[in-house]
Amino acid sequence: MTHSAPYPPFTLPQRQLGLSVSDAAPSGGAVGHLVFTGEEPPAASGLDAARVAALGFAPEPGKTLVLPGAESVVVLVGAGDRANADAAVLRDAASHFARAVPGQVDLALVLPETAVPDADAAAAAVEGAALARYVHRIGAEGPEARLDSFTLVAGADRAESLSAGLARGEVLVRATKLTRDVAGLPGGMLTATRLGEVAADLGAKAGLSVELFDEDALVELGCGGLLGVNLGSVEPPMMIKLVYRPEGEPTGRLALVGKGIMYDAGGLALKPGDEVHATMKNDMTGAGAILGAMTALRDLGCTAQVTGYLMCTDNMPSGSALRMGDIIVMRGGKTVEVINTDAEGRLVMADALVLATEEPVDAIVDIATLTGACLRTFGTEIAGVMGNDAGLVDQVKASAERVDEPVWELPLAQRYRGELDSGIADLRNMGGPNAGSITAALFLNEFVGGVPWAHIDIAGTAQSGSAVKWRNKGTTGFGARLLVDLALNFRVPRGEP
Ligand code: BES
Ligand code: ZN
Ligand code: MN
């Protein structure tokens, strides 16, 4: 039975942002000036350090002071010690600037010379400003946090590298916004089928090859994990396979596997009806981050081949749903006893991990809102990472550091592997009550066949309760910039333990 949808129309806003570099502050709009510890405020403020201190400003990260200027609004933006200014400091400063003047749609930032190369500084600045201004209201009128133009003010000798950085930043902003947009769409509006349509459309525009595997195709492939989780749903499942092929011989082959649970009700292990569970529409953020990241690869000249597997379904309770105690057969033939239908992410991911190992591949990285335990351990600003290859995990850490999407490693502790033993099947889908993030990763490890693999658990970071630096309140798009950086810098792991 199908129902007429009571949902508002579905939009993915694509706003054009004017970017430029100028050697003089434009008139009109707002002009931001970074102020470092122990340094005088800029002449444009008409004030000295004592005066701005009296007005409550300190040159610390997160502090801003908005002043009326003759030609434009002047914003002092605290930036801490000049010696500590890295790309993250610049990104954060730009985000604080953008939030300090919510009514201004034309922003210009005077970009000081720091140890950060100009191209990286420019990219970080536009990321901070544009991501802070992100808004995606669905089916409602509301205050628009628009941003029409963003200008960097710097000497003409720096224009070339700054322009290149702005262009790169804009691509990363687009990737992150796409991830936020799809993750923020409610489960009823963005179904697995609909995400397949979105991926086919946007993927083709970004030069990716897109293959959609519907229910029949998944049966053919024996993807029992994705089919099993989908059993309770009236919405069909979808596996979306995206391939980016660089021009010329690839420098490496990377597979990305994303959890795409369009809405996680818990299945028959129904989640309670509290507010936290309304965020389960974002249980496809891993898949969304891969889609966002992969749409950026051609524009940024990625030389590795990248294949994305987006494992999409919702996880619903119904008379046809997977039961606790059911046994399912995964791609590759392993059997799994389903102890808890709410541990569904690992089931849908396992099929794709196996598929990824069946093609020539140098490394697999998966990304998933996998465990509440990870949210409890690291909060909403740090993701968990685990893997079977130290070199690959190091690549993930290095990318995370560069883009300020922090990760912290947990051990893939084989001592807990026994918790996944089943009396009647090859594995059970849940360990004991403790170390839930680790036992979830141990489950996934059973399906990678020894290929270098890293797992990123973004259960905590996919969503933010408030605006924090580049993060917006709501879906953060965490993972999109990390995966782009990882693909751009990918080196074939040497396979060390
Ligand atoms: N999607 C959830 C994980 C999650 C929880 C993400 C909270 C974000 C915030 C996942 O499918 C889940 O339900 N995991 C269970 C696993 C358990 C049943 C072994 C969990 O973490 O409680
Ligand atoms: Zn889930
Ligand atoms: Mn769940």
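Start at 1 and go down the list; that is how both ligands and their atoms are numbered. Worth saying up front: this structure is predicted, and the values here are computed from it rather than measured. Side chains are part of it too, since the values below use all heavy atoms of this structure and drop only hydrogens, waters and symmetry mates.
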Original post:
Taking the six-membered ring of Phe447, is NZ or CZ of Lys334 closer than 6.0 Å to its centre and within 45° of its axis?
Top reply: yes

Original post:
When you measure from the centre of the six-membered ring of Tyr134, is the NZ or CZ of Arg180 under 6.0 Å away and within 45° of the axis?
Top reply: yes

[X] N/O under 3.5 Å from ligand 1 N/O:
X: Arg346; result: no
X: Thr371; result: no
X: Asp264; result: yes

List the closest protein heavy-atom neighbour of [atom]: residue, atom name, distance to the nearest 0.1 Å.
atom: atom 19 (C) of ligand 1; answer: Met430 CG, 3.4 Å
atom: atom 21 (O) of ligand 1; answer: Gly372 N, 2.7 Å
atom: atom 10 (C) of ligand 1; answer: Leu370 O, 3.3 Å
atom: atom 18 (C) of ligand 1; answer: Asn340 ND2, 3.5 Å

Select the closest option to [atom] among [options], judged by heavy-atom distance.
atom: atom 17 (C) of ligand 1; options: Ala368, Ala343, Ser437, Gly460; answer: Ala343
atom: atom 6 (C) of ligand 1; options: Ala462, Pro433, Ala459; answer: Ala459
atom: atom 15 (C) of ligand 1; options: Asp342, Leu375, Asn429; answer: Asp342

Taking only heavy atoms of [X] into account, list the atoms of ligand 1 that are under 4.0 Å away from them.
X: Thr369; result: 1 (N), 2 (C), 3 (C), 6 (C)
X: Met280; result: 1 (N), 4 (C), 5 (C), 6 (C), 7 (C), 8 (C), 9 (C)
X: Glu344; result: 11 (O)

Original post:
At the Zn ion (ligand 2), what angle lies between atom OD2 of Asp283 and atom NZ of Lys259, rounded to 10 degrees?
Top reply: 100°

Original post:
Can you name the N/O/S atom of Glu344 that is nearest the Zn ion (ligand 2)?
Top reply: OE2

Original post:
By atom name, which N, O or S atom of Asp264 is the nearest to the Zn ion (ligand 2)?
Top reply: OD2

Subject >> Residue portion contacting ligand 1 (non-hydrogen atoms closer than 4.0 Å) for Thr279 >> reply: neither

Would a distance-only check, ignoring hydrogens and angles, find a side-chain to backbone donor-acceptor pair under 3.5 Å from [X] to [Y]?
X: Asp201; Y: Glu197; value: no
X: Thr369; Y: Asp283; value: yes
X: Thr341; Y: Leu268; value: yes
X: Thr64; Y: Phe97; value: no

For [X] and [Y], test the side chains for any donor-to-acceptor distance below 3.5 angstrom and give the result as yes or no.
X: Ser437; Y: Thr371; result: yes
X: Asp366; Y: Trp453; result: yes
X: Asn282; Y: Thr475; result: no
X: Asp351; Y: Tyr309; result: no

Subject >> Asp264 backbone or side-chain N/O/S under 2.8 Å from the Mn ion (ligand 3) >> reply: yes

Are [X] and [Y] within salt-bridge range, i.e. N to O under 4.0 Å?
X: Arg481; Y: Glu405; answer: yes
X: Glu446; Y: Arg346; answer: no
X: Lys469; Y: Asp404; answer: no

Subject >> N, O or S of Asp342 under 2.8 Å from the Zn ion (ligand 2) >> reply: no

Original post:
If you check every N/O/S atom of Glu344, which is the one nearest the Mn ion (ligand 3)?
Top reply: OE1

Original post:
Any heavy atom of Lys259 sitting closer than 4.0 Å to ligand 1?
Top reply: yes

